[in-house]
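Just below is one structure, and these are the notes that go with it.
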There are 2 protein chains.
Amino acid sequence: MASDTTLAPVDRDETLAEKVYGRLRGALVGGRLVPGQKLVHRQLAAELGVSPTPVREALLRLVSEGALDLDVRGISWVPRLSPGRYAEIMDLRGELEGRAAARAALLATPEEIATLRAIHDRLMEGRRAKDAPVVLAENERFHFGVIAIARMPVLQKVVEHLWTQAGPTINLLLTVPRPDWPNGHPHEDLLRALDAHDADAARAAVERDLREYAKIVAPLLERDSGHGNPD
Amino acid sequence: MASDTTLAPVDRDETLAEKVYGRLRGALVGGRLVPGQKLVHRQLAAELGVSPTPVREALLRLVSEGALDLDVRGISWVPRLSPGRYAEIMDLRGELEGRAAARAALLATPEEIATLRAIHDRLMEGRRAKDAPVVLAENERFHFGVIAIARMPVLQKVVEHLWTQAGPTINLLLTVPRPDWPNGHPHEDLLRALDAHDADAARAAVERDLREYAKIVAPLLERDSGHGNPD
DNA sequence: AAATGATATTTGCTATAGCAAACATCATGA
DNA sequence: TCATGATGTTTGCTATAGCAAATATCATTT
């Protein structure tokens with residue numbers, strides 16, 4: 001996936017700042033950081049065993065992506081998403097991922113579809129095993145796999161940022177029993193649409209996926225979206 | 001525009017990093033940084049009279065927004081947009097700004113529309129005076145004014161990032177005579193659509209604006225999008 | 001003349017230090 | 001008991017220093 005051209009692997013090792021960023025982003029989208037939580041860069045630095053500089057850099061990057069809030073004093077917070085803002089994020093994801101799925105339906109090769117299907121199988125297996133981290137990881141892989149097929153790098157970055165912004169809400173989801181998808185999992189609709197090169201069906205499948213997902217999470221946000229910054 | 005509620009102005013003065021970011025972003029969207037240009041944080045720091053730290057912070061923020069490229073060695077470049085990538089950016093802007101305009105058509109008050117119209121008048125006056133900086137600034141104000149009416153903060157941030165990414169291309173635009181909009185300026189269509197609360201027409205106006213804009217810029221990109229990093 | 005190699009410079013990354021504002025703690029006083 | 005004020009700590013921001021890799025410069029060699 002990385003390079004199908006000649007030579008030149010040797011990807012430089014990540015900087016510390018990138019590692020810290022990756023760790024924090026993982027914690028966010030894994031729901032291990034709770035909304036309202038304060039992130040103190042010196043404390044994090046001590047915990048991670050690095051100097052404050054790369055931690056500060058990672059925090060500011062997350063702020064610029066909208067994944068963290070920065071109050072007037074420069075303190076980073078895991079934001080409490082208001083229901084309205086959450087709805088806007090999911091709405092945009094639906095529009096953008098739907099567009100990517102439509103394009104993917106036109107471009108997908110059988111191999112790519114098979115790869116996606118394998119990801120979805122692992123997702124379902126993780127769900128049967130009630131292994132939340134696996135479910136979350138494979139779900140993310142699935143969604144970005146579709147975007148990769150569509151070859152839309154700008155859209156990909158936008159959705160990555162939206163994904164991170166909605167990340168902390170999923171710990172709410174984990175507190176509630178997962179739905180059983182009486183009409184079948186939307187991913188399966190999407191896979192069929194890709195097989196059939198049916199762009200409209202692909203878009204509809206993604207939109208249904210996100211809509212049903214949001215329908216579960218939204219009510220859980222009501223109680224959660226305080227306005228202040230209690231510490 | 002900032003606070004129509006009681007008390008509490010006193011917005012803390014910007015940090016140096018924010019000032020540097022603002023200056024660099026302005027240079028990007030004003031076309032004063034040429035694609036392919038290398039940005040060396042220590043040199044910039046010396047020019048701006050600050051230490052390397054806030055400059056580095058500003059550069060990395062722009063990188064995370066996609067406005068600058070970072071090569072493997074950690075050097076920041078003003079990216080050369082490929083025609084395909086430019087098209088993707090404008091396509092996404094069309095979709096997102098179109099959506100915002102549609103919503104703005106439902107929400108806009110007469111006062112808000114009047115404000116927009118004043119902005120557009122200044123834009124046209126700047127154009128008659130061939131004052132490019134004014135035209136660019138008022139155009140940006142107009143587009144984000146529409147988004148502000150729509151009350152879509154997440155979308156706003158996304159479009160800001162897209163705007164910055166497409167920024168360096170406008171110096172290409174400045175080399176070419178501006179079109180005369182034989183069918184009238186799309187902004188005027190949009191203003192009429194807002195007046196009429198016609199969401200579909202508003203969306204169409206924005207999409208036409210961006211499409212015709214892109215039609216001018218795209219051919220200019222062909223020659224410009226080298227792949228390498230000449231210095 | 002071209003290639004090679006040594007040296008000096010540049011440059012990004014990380015760590016550290018200092019400052020000022022914010023915050024917490026606690027003693028004092030009404 | 002509660003308010004006030006002094007003091008020490010925390011914390012974000014900026015500057016500075018050191019390191020290592022990359023780059024540039026230049027002398028040497030073939």
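Treat the numbers as computed from the prediction; the structure is a model and nothing was measured. Each chain gets a letter, A, B and so on, in the order its sequence line appears, and its residues count up from 1.
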Problem - Any B/His41 side-chain N or O less than 4.0 Å from OP1/OP2 of C/dG12 - result: yes

Exercise for the section: May I ask you to say what A/Glu57 touches in the nucleic acid, namely base, sugar-phosphate or nothing, with a heavy-atom cut-off under 4.0 Å? Expected result: nothing

Would you mind writing out the side-chain donor-acceptor pairs for residues 46-60 of chain B within the sub-3.5 Å range, not counting sequence neighbours?
| from | atom 1 | to | atom 2 | distance (Å) |
| --- | --- | --- | --- | --- |
| B/Ser51 | OG | B/Thr53 | N | 3.3 |
| B/Arg56 | NH2 | A/Glu57 | OE1 | 2.8 |
| B/Arg56 | NH2 | A/Glu57 | OE2 | 3.3 |
| B/Glu57 | OE1 | A/Arg56 | NH2 | 2.8 |
| B/Glu57 | OE2 | A/Arg56 | NH2 | 3.3 |

Exercise for the section: Kindly write out the residues that satisfy ring pair (Phe, Tyr, Trp, His ring centres under 6.0 Å) with B/His187, not counting sequence neighbours, or none if the list is empty. Expected result: B/His120, B/Phe142, B/His143, B/His185

Exercise for the section: Please identify each residue that fulfils ring pair (Phe, Tyr, Trp, His ring centres under 6.0 Å) with A/Tyr86, with sequence neighbours left out. Expected result: none

Exercise for the section: Can you run down the salt bridge (Lys or Arg N to Asp or Glu O under 4.0 Å) pairs that involve residues 146-164 of chain A, sequence neighbours left out, and say none if there aren't any? Expected result: A/Glu112-A/Arg151

Handout entry: Interatomic distance where CG belongs to B/Leu48 and C1' belongs to D/dT14 [whole Å]
Key = 14 Å

Practice task
Using a cut-off of 6.0 Å, state whether more than 12 heavy atoms not belonging to A/Glu125 lie near its atom CD.
Solution key: no

Exercise for the section: Send over the distance from B/Leu60 CG to C/dT11 C1', rounded to a whole Å. Expected result: 14 Å

Problem - Nearest-Å distance for atom pair CG/P, residues B/Asp71 and D/dA22 - result: 11 Å

Handout entry: Nearest-Å distance for atom pair CD/C1', residues A/Gln43 and D/dG12
Key = 13 Å

Completion exercise
Residues passing the side chain to side chain donor-acceptor pair (under 3.5 Å) test with A/Thr115, sequence neighbours excluded, are none

Practice task
Whole angstrom is fine here: how far is it from CD in A/Glu14 over to P in C/dC13?
Solution key: 13 Å

Problem - Interatomic distance, B/Lys38 NZ vs C/dT10 P [rounded to whole Å] - result: 12 Å

Exercise for the section: Report yes if a side-chain nitrogen or oxygen of B/Arg56 is closer than 4.0 Å to either non-bridging phosphate oxygen (OP1 or OP2) of D/dT14; otherwise report no. Expected result: no

Practice task
Using a strict 4.0 Å threshold on nitrogen-to-oxygen distance, state whether B/Arg23 and B/Glu14 make a salt bridge.
Solution key: no

Practice task
For A/Leu44 and D/dT11, give me the distance from atom CG to atom C1', rounded to whole Å.
Solution key: 13 Å

Problem - Distance in angstrom units between B/Ile75 CD1 and C/dT9 P, rounded - result: 19 Å

With 3.5 Å as the limit, what N/O pairs link the protein to nucleotides 15-20 of chain D?
| from | atom 1 | to | atom 2 | distance (Å) |
| --- | --- | --- | --- | --- |
| D/dA15 | OP2 | B/Ser51 | N | 2.6 |
| D/dA15 | OP2 | B/Ser51 | OG | 2.7 |
| D/dA15 | O5' | B/Ser51 | OG | 3.4 |
| D/dA15 | N7 | B/Thr53 | OG1 | 2.9 |
| D/dT16 | O4 | B/Thr53 | OG1 | 3.3 |

